[in-house]
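The structure appears right after this line, and notes come after that.
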Amino acid sequence: MSDAAREAAQEATRGHAQDSTGGGGLDSATPARSTPALSPIRRYGPPILITLAAVGLWQLILPLAHVPEYLLPTPSEVAAGMKADWPVLEPALLVTAWEILLGFVIAVAVGVGLAVLLHLVPVVRRAVYPLLIGSQTVPIVVLAPILVILLGYGIMPKLVIVALICFFPIVVNGIDGLRSVDGELISMMRTLNASRWAIFRRVEFPAALPSIFSGMRIAATFAAIGAVFGEWSGSNQGLGYVMLAATPNLLTARIFAAVVFLTLIALALFGAVSLLERIFVPWAPKENSR
């Protein structure tokens with residue numbers, strides 16, 4: 001494709017992306033569609049208040065009901081347990097965080113690559129996609145001990161389990177995003193004698209990035225589950241192992257502390273994915289006030 005044709009395709013693609021997202025293209029006649037973003041207080045205030053209210057009720061009701069600590073500790077007892085058990089929790093936290101991060105990166109690489117392959121090769125998509133859906137019907141709890149037997153008690157089975165849990169929403173959202181590209185853009189690129197690779201690189205993949213990041217955000221919330229399942233199936237370290245060892249000893253506060261750390265890891269990973277989306281996909285729709 002000539003340089004002039006390539007430049008024309010780029011300009012048309014950028015103009016269409018601006019129009020489709022209300023970005024104020026040349027032909028945009030509705031600038032009022034863009035509304036100011038929510039302030040941090042309005043965005044995060046309600047969930048923070050609900051969380052604080054729930055924690056406050058938890059702290060207030062349990063002592064009045066005389067619930068023993070080994071059955072259900074109060075938030076203050078959990079916090080005290082975090083401080084007292086920090087020498088045990090810190091190395092476990094680092095191990096589990098590394099398993100979650102590395103397994104998630106593997107899931108992203110495999111999921112995006114598989115989505116691209118299934119999109120570009122229809123024969124492979126028709127053959128593999130039903131099998132891909134069927135594979136998700138097998139409970140990961142059943143696969144975890146098998147993977148431990150096959151791969152040993154090191155980090156490898158944990159990474160595989162995290163990747164298996166995380167890659168499916170990335171693949172599905174990636175395929176949907178690649179297939180939802182405006183057909184007029186593809187037709188225009190073909191009239192400019194664009195190759196299949198040029199159409200994919202300049203039109204299809206950029207348009208699918210918001211969907212891919214949506215799948216990554218969903219996967220980020222599941223990553224901690226995979227790491228814990230792997231550690232429960234066979235491990236001598238990590239937050240999952242700490243929870244497993246604390247259960248017969250009735251160290252309930254330590255279990256809750258591990259749950260809190262797992263939640264924080266998942267939230268941090270979700271936030272990192274959202275930040276990367278804002279950096280690399282600035283044209284993605286943003287949540288606006290109403």
Side-chain angles (χ1 to χ4, degrees), residues 44 47-48 50-52 54-55 58-59 62 69-108 139-145 147-148 153-170 215-276:
Y44 302 111
I48 291 176
I50 293 175
T51 302
L52 292 177
V55 171
W58 182 3
Q59 178 67 41
L62 291 187
E69 179 184 353
Y70 69 88
L71 286 182
L72 184 62
T74 62
S76 61
E77 291 169 342
V78 173
M82 286 183 181
K83 182 178 179 179
D85 295 332
W86 182 246
V88 176
L89 293 170
E90 180 186 12
L93 173 63
L94 296 177
V95 170
T96 302
W98 176 245
E99 293 170 353
I100 292 173
L101 179 60
L102 193 55
F104 181 77
V105 171
I106 295 173
V108 171
I140 197 66
V141 181
V142 177
L143 291 178
L147 291 173
V148 170
Y153 287 84
I155 193 176
M156 187 57 65
K158 288 78 172 178
L159 298 182
V160 173
I161 294 170
V162 173
L164 286 175
I165 287 182
C166 292
F167 94 105
F168 184 73
I170 299 175
M216 290 170 59
R217 287 197 301 270
I218 296 172
T221 61
F222 295 150
I225 300 174
V228 170
F229 278 155
E231 291 168 354
W232 281 354
S233 300
S235 179
N236 58 0
Q237 53 186 349
L239 291 176
Y241 172 76
V242 168
M243 298 168 66
L244 199 63
T247 300
N249 297 316
L250 298 180
L251 299 176
T252 314
R254 183 179 295 182
I255 297 174
F256 272 88
V259 172
V260 171
F261 284 128
L262 287 170
T263 303
L264 293 177
I265 294 174
L267 289 175
L269 187 57
F270 185 93
V273 172
S274 299
L275 178 61
L276 290 175

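Heads up: numbering here begins at 1 and tracks the sequence.
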field: Side-chain (Glu77) to main-chain (Thr74) donor-acceptor, under 3.5 angstrom
entry: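 Checking the backbone N and O of Thr74 against the side chain of Glu77, a donor-acceptor pair under 3.5 Å is found.
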- request: Could you tell me whether a side-chain N or O of Thr221 sits under 3.5 Å from a main-chain N or O of Ile218, the two making a donor and an acceptor?
  value: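 Here the side-chain-to-backbone pair exists.
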Using every non-hydrogen atom in the two residues, find where [X] and [Y] come nearest and quote the distance to one decimal.
{"X": "Ser233", "Y": "Val148", "result": "CB-CG2, 3.7 Å"}
{"X": "Ala224", "Y": "Ile100", "result": "CA-CD1, 3.6 Å"}
{"X": "Thr96", "Y": "Ala227", "result": "CG2-CB, 4.1 Å"}
{"X": "Phe229", "Y": "Ala144", "result": "O-CB, 4.1 Å"}
{"X": "Ile255", "Y": "Ala246", "result": "CG1-CB, 3.8 Å"}

Does any part of the side chain of [Y], heavy atoms only, come nearer than 4.5 Å to the side chain of [X], both counted from C-beta?
{"X": "Leu89", "Y": "Val242", "value": "yes"}
{"X": "Leu244", "Y": "Glu231", "value": "no"}
{"X": "Pro91", "Y": "Gln237", "value": "no"}

Using atom types as modelled, flag every donor-acceptor pair under 3.5 Å from a side chain in residues 154-170 to any protein atom, sequence neighbours excluded.
from	atom 1	to	atom 2	distance (Å)
Lys158	NZ	Tyr153	O	3.2
Lys158	NZ	Gly154	O	2.9
Lys158	NZ	Gly234	O	2.8

message: As an exercise, state the distance from CD1 of Ile265 to CG of Leu93, rounded to the nearest 0.5 Å.
response: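 Going from the CD1 atom of Ile265 to the CG atom of Leu93 covers 5.0 Å.
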query: In Å, rounded to the nearest 0.5 Å, how long is the span from CG of Leu269 to CG of Leu264?
result: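 Answer rounded to 0.5 Å: 12.5 Å.
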message: Please enumerate all residues that pass side-chain hydrogen bond (donor to acceptor under 3.5 Å, both in side chains) together with Gln59, with sequence neighbours excluded.
response: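 Only Ser76 meet the side-chain hydrogen bond (donor to acceptor under 3.5 Å, both in side chains) criterion with Gln59.
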field: Pairs flagged by ring-ring contact (aromatic ring centres under 6.0 Å, His included) wherever residues 234-273 is involved - sequence neighbours left out
entry: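 Passing the test, one end in residues 234-273: Trp58-Phe256, Trp86-Phe261.
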- request: Could you walk me through whether Met243 and Val259 pass the side chain to side chain contact (heavy atoms under 4.5 Å, CB included) test, one step at a time?
  value: CA-CA 8 Å; Met243 298 168 66; Val259 172; 3.8 Å; yes
field: The single option from Leu251, Thr252, Thr247 passing side chain to side chain contact (heavy atoms under 4.5 Å, CB included) against Asn249
entry: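 The residue from Leu251, Thr252, Thr247 that satisfies side chain to side chain contact (heavy atoms under 4.5 Å, CB included) with Asn249 turns out to be Leu251.
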